[in-house]
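Keep in mind that what you see is a predicted model, and the values were worked out from it rather than measured. In what follows, chains carry the letters A, B, and so on, assigned in the order in which the sequence lines appear, proteins first and then strands, with residues in each chain numbered from 1.
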Amino acid sequence: IMSCNIMINGFVQSGDLDNAQKMFDEMPERNVATWNAMVSGLTQFEFNEQGLSIFSEMHKSGFLPDDFTLGSVLRGCAGLRSLHAGRQVHAYVMKCGFQFNLIVGSSLAHMYMKSGSLEEGEKVIKSMPIRNVVAWNTLISGKAQNGFSEVVLDQYNIMKHAGLKPDKITFVSVISSCSELATLGQGQQIHAEIIKAGASSGAGVVSSLISMYSRCGCLEDSMKAFMEIEDGDAVIWSSMIAACGFHGKGEEAIKLFEQMEQGGLKANDVTFLSLLYACSHCGLKEKGIEFLDLMVEKYGLKPRLEHYTCVVDLLGRSGCLEEAEAMIRSMPVKAD
RNA sequence: CUAAUGGAAGC
């Protein structure tokens with residue numbers, strides 16, 4: 001059983017869920033880890049419904065879940081934003097006596113917060129007898145994502161006061177909140193703590209720093225953070241492109257995009273949105289149209305309404321009302 | 001052997 005479990009996991013790691021499923025189906029005997037590997041594999045790739053149905057199959061086969069199972073199942077519920085499914089699992093958690101488990105607790109809280117119920121999530125975290133960094137991060141990022149950026153910093157300080165060391169994930173949430181609020185002083189202070197903690201090399205940290213400095217009006221500092229990392233990913237590059245656009249530096253944004261292409265990094269829909277905004281803000285009409293085209297032809301990306309909105313905006317600003325109208329009519333997406 | 005939290009645009 002154990003070697004089959006290891007193989008299932010190997011397939012999952014390489015993204016080959018079909019073979020993982022096949023292996024799973026062909027096993028004559030399974031243990032809890034077998035079921036867990038399957039549930040976790042499915043939810044990791046956002047096949048959340050399927051993960052949940054494996055879980056119910058597991059239940060029907062008479063297996064009791066452990067904290068590994070419940071963590072993955074709740075992740076699936078969070079992915080679905082399903083309060084309904086989540087509450088059912090919560091009831092089950094209570095029945096099995098897992099409510100004070102560290103992993104199950106943070107998973108429950110995460111599920112509630114992702115599903116928009118910050119209060120219930122917070123209640124779960126508060127009821128936990130022990131809280132580790134993940135539990136704190138769950139609370140902090142939950143508040144940040146539900147529009148309570150103002151209390152994120154307080155929460156962060158409480159966490160430190162409780163004797164916990166913030167990690168890169170904590171920093172990302174806190175910096176993002178500073179960015180949201182455009183509170184430069186606080187952002188700088190956290191940045192200093194990031195450096196002191198030796199956490200400044202993470203891609204997530206860097207991209208959140210870039211956008212925080214940009215939103216606070218310090219494009220220079222965004223650039224500095226950007227330059228300090230040599231192997232930036234698509235999100236980092238997109239952040240920097242957006243920062244340039246935000247500051248009306250359309251040409252710079254385009255240059256960055258070209259460098260990004262030369263570096264072999266794959267631009268995504270957000271990269272293009274940032275780029276199109278940059279063009280739009282700077283009245284770079286030809287370029288904007290060109291990029292929308294490139295996005296479809298070369299990258300095979302489907303423009304969303306926001307992409308079209310950008311270009312329509314750009315055409316309108318450039319005084320090309322007929323072209324703008326033509327674009328609205330030809331969009332494969334419904335206008336608003 | 002299997003498990004929970006994070007980053008870019010817009011809003």
Side-chain angles (χ1 to χ4, degrees), chain A residues 1-10 12-13 20 30-41 43-44 65-78 98 101-111 113-114 121 124-125 128 131-142 144-145 147 166-177 179 199 202-212 214-215 222 226 232-243 245-246 253 267-278 280-281 304-307 309-310 313 336:
Chain A
I1 295 183
M2 214 174 94
S3 40
C4 285
N5 290 353
I6 294 172
M7 287 190 62
I8 288 182
N9 206 315
V12 168
Q13 300 275 335
R30 297 168 185 150
N31 63 15
V32 192
T34 315
W35 290 95
N36 290 351
M38 225 32 233
V39 176
S40 140
T43 58
Q44 251 171 66
D66 59 11
D67 45 357
F68 285 61
T69 325
L70 295 167
S72 297
V73 167
L74 285 164
R75 164 135 78 132
C77 299
F98 274 106
N101 180 286
L102 189 53
I103 288 148
V104 176
S106 18
S107 304
L108 269 173
H110 178 241
M111 178 277 296
M113 292 176 162
K114 275 281 180 208
V124 172
I125 297 271
M128 292 169 62
R131 269 161 258 164
N132 63 1
V133 206
V134 176
W136 279 97
N137 287 348
T138 303
L139 181 62
I140 289 176
S141 72
Q145 287 168 10
D167 65 7
K168 293 185 184 184
I169 296 182
T170 323
F171 289 131
V172 166
S173 300
V174 179
I175 289 290
S176 300
S177 298
S179 175
V205 173
V206 172
S207 51
S208 55
L209 281 171
I210 291 173
S211 75
M212 184 274 289
S214 163
R215 294 216 38 169
S222 298
F226 177 69
D233 64 9
V235 176
I236 290 185
W237 283 80
S238 304
S239 316
M240 200 58 232
I241 290 172
F246 188 75
N268 60 29
D269 56 334
V270 178
T271 316
F272 277 104
L273 201 50
S274 311
L275 193 57
L276 292 172
Y277 268 106
S280 169
H281 284 170
R304 286 185 276 123
L305 181 59
E306 289 100 314
H307 294 92
T309 306
C310 249
D313 203 53
D336 57 359

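- Between the Thr138(A) side chain and the Val134(A) main chain, a donor and an acceptor come within less than 3.5 Å of each other.
- Nucleic acid contact class of Gln145(A) (heavy atoms, under 4.0 Å, all strands): sugar-phosphate only.
- As judged by a 4.0 angstrom heavy-atom cut-off over every strand, Ser238(A) is placed among the base-contacting residues.
- Looking only at distances, no side-chain donor or acceptor of Ser280(A) sits under 3.5 Å from a matching main-chain atom of Leu276(A).
- Atom CD1 of residue Ile6(A) and atom CD1 of residue Ile1(A) lie 12.0 Å apart, to the nearest 0.5 angstrom.
- Side-chain atoms of Ser107(A) and Arg75(A), non-hydrogen and from C-beta on, never get closer than 4.5 Å to each other.
- Using a 4.0 Å heavy-atom distance criterion, Asp233(A) is classed as a base contact.
- Taking a heavy-atom distance under 4.0 Å as the criterion, the stretch of RNA chain B touched by chain A extends 5' to 3' from C1(B) to G10(B).
- Heavy atoms of Ser239(A) sit under 4.0 angstrom from primed sugar atoms or phosphate atoms, though from no base atom.
- The backbone N or O of Leu74(A) sits nowhere less than 3.5 Å from a side-chain atom of His110(A) that would complete a donor-acceptor pair.
- Ala33(A) comes within contact range of at least one nucleobase, with a heavy-atom separation under 4.0 Å.
- Among the heavy atoms of the strands, none lies under 4.0 Å from Leu139(A).
- Atoms CH2 and OG1, on Trp237(A) and Thr271(A) in that order, are 11.5 Å from each other to the nearest 0.5 Å.
- Contacts of Asp167(A) with the nucleic acid, taken as non-hydrogen atoms under 4.0 Å apart, are absent.
- Across all strands shown, Gly71(A) has heavy atoms under 4.0 Å from sugar-phosphate atoms exclusively, and none from any base.
- Counting any heavy atom pair closer than 4.0 Å across all strands shown, Ala203(A) reaches a base atom.
- Within the nucleic acid shown, Ser106(A) comes within 4.0 Å of at least one base atom, counting heavy atoms only.
- Contact annotation for Asp67(A): base contact, defined as any heavy-atom pair under 4.0 Å involving a base atom.
- Among the heavy atoms of the strands lying under 4.0 Å from Asn132(A) is at least one base atom, whether or not backbone atoms are also near.
- A donor-acceptor pair is defined here as one N or O able to donate and one able to accept, closer than 3.5 Å; such a pair exists between the side chain of Ser222(A) and the backbone of Ile210(A).
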